[in-house]
Amino acid sequence: MSSLRKLIPDYLWLDAPGAARALVGKVLVRRLPDGTELRARITQTEAYLGEADTACHAHHGRTKRTEVLYHRAGTLYVYLCYGMYWMLNIVTGAEEDPQAVLIRGVEGAEGPGKLTKALGITGELNGTELGGALSIEDDGAKPEIVCAPRVGIGYASEDDQRRLWRFMAK
DNA sequence: AAAGTGATCATG
DNA sequence: ATGATCACTTTG
């Protein structure tokens, strides 16, 4: 068992909806440059499933921005939205298949822009992998999960807008 | 309801 | 080079 396996949980190789469901209830561990650790349990996630998903940034193919989505599961995809808010995603699924899970909320910071601010996550982490500045811990919590449509994807096809790919702790 | 904010990508 | 478009949040 390589050390990589400890850092990158098996469920991240699932397709994004399965990985997104598994990530709810896990604990995000942020190690700051000065060594301090911040912890927060994930409460809400969303799945973005490859080039066929019109809501996924990789829908228009590989570009400089979407490049990291094609990398290995466990890679971080962090980008700036609306000029102000960093969005944290974790790449999932098979390598070369551009899928990711958006972390939409953690306990104490509900909202994708708020949690990155609370945990000090910026574009510097884009393209890095779990196990460094950011890790995932499983403390055994098994929250009850509810599904809902994804948020903020009015540009996607109606079919894709309807998919229940948002997962949250009840 | 609408502003605030800047990278990114498709145009030309 | 310019312009549209944002996986949002806060304020009124």
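Only a predicted model underlies this, so the values are computations on that prediction, with no experimental measurement involved. Protein chains get the first letters and strands the later ones, always in sequence-line order, with residue 1 at the start of each.
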A:Y48 six-ring face occupied by A:R150 cation (under 6.0 Å, within 45°): yes

Describe the nucleic acid contact of A:M87 in one word from base, sugar-phosphate, nothing, applying a heavy-atom distance below 4.0 Å. sugar-phosphate

Are A:L102 and A:I153 in one and the same hydrophobic cluster, where Ile, Leu, Val, Met, Phe, Trp and Tyr link if side-chain heavy atoms are under 4.5 Å apart? yes

Mate of B:dT8 across any strand shown (Watson-Crick or G-U wobble, both atom pairs under 3.5 Å) is C:dA4

Taking B:dC9, C:dA7, C:dT9 as options, the one with an atom nearest any side-chain atom of A:L102 is C:dA7

Rounded to whole angstroms, how far apart are CD on A:Q161 and P on C:dA7? 12 Å

When you compare the ring of A:Y82 with the six-membered ring of C:dC8's base, are the centres less than 5.5 Å apart and the planes under 30° from each other? yes

Does A:E37 CD have over 12 foreign heavy atoms under 6.0 Å away? yes

Closest to side chain of A:L80, choosing from C:dA7, B:dA7, B:dG4: B:dA7

Can you check the A:K117 NZ to B:dT5 P distance for me, whole Å? 13 Å

Which of C:dC6, C:dT9, B:dC9 is nearest the side chain of A:R65? It is B:dC9

Check whether any side-chain N or O of A:Y155 sits under 4.0 Å from OP1 or OP2 of C:dA7, and answer yes or no. yes

Of the listed nucleotides (B:dA10, C:dT9, B:dG4), which one gets closest to any side-chain atom of A:H60? B:dA10

Under 4.0 Å, counting only non-hydrogen atoms across every strand here, what does A:R150 touch: a base, just sugar-phosphate, or nothing? nothing

In whole angstrom, what separates A:K114's NZ from C:dT11's P? 11 Å

Selection from B:dG6, C:dA7, B:dG4 that lies nearest to any side-chain heavy atom of A:Y79: C:dA7

Find the distance A:Q44:CD to C:dC8:C1' and express it as a whole number of Å. 13 Å

Would you indicate whether A:E158, at its atom CD, is surrounded by more than 12 heavy atoms from other residues, nucleotides or ligands within a distance under 6.0 Å? no

Could you check how far CE of A:M84 sits from P of C:dT10, rounded to whole Å? 11 Å

A:R166 side chain near C:dA7 phosphate (N/O to OP1/OP2, under 4.0 Å): no

Quickly, which of A:R163, A:Q161, A:R162 forms a side-chain hydrogen bond (donor to acceptor under 3.5 Å, both in side chains) with A:D159? Name it, please. A:R162

Whole angstrom value for the distance that separates P of B:dA7 from OH of A:Y77: 15 Å

C:dA4: syn or anti, with syn meaning chi within 90° of zero? anti

Could you state the CH2-C1' distance from A:W86 to B:dG6, rounded to the nearest angstrom? 10 Å

Whole-Å gap separating P (C:dA7) and CD (A:E46): 11 Å

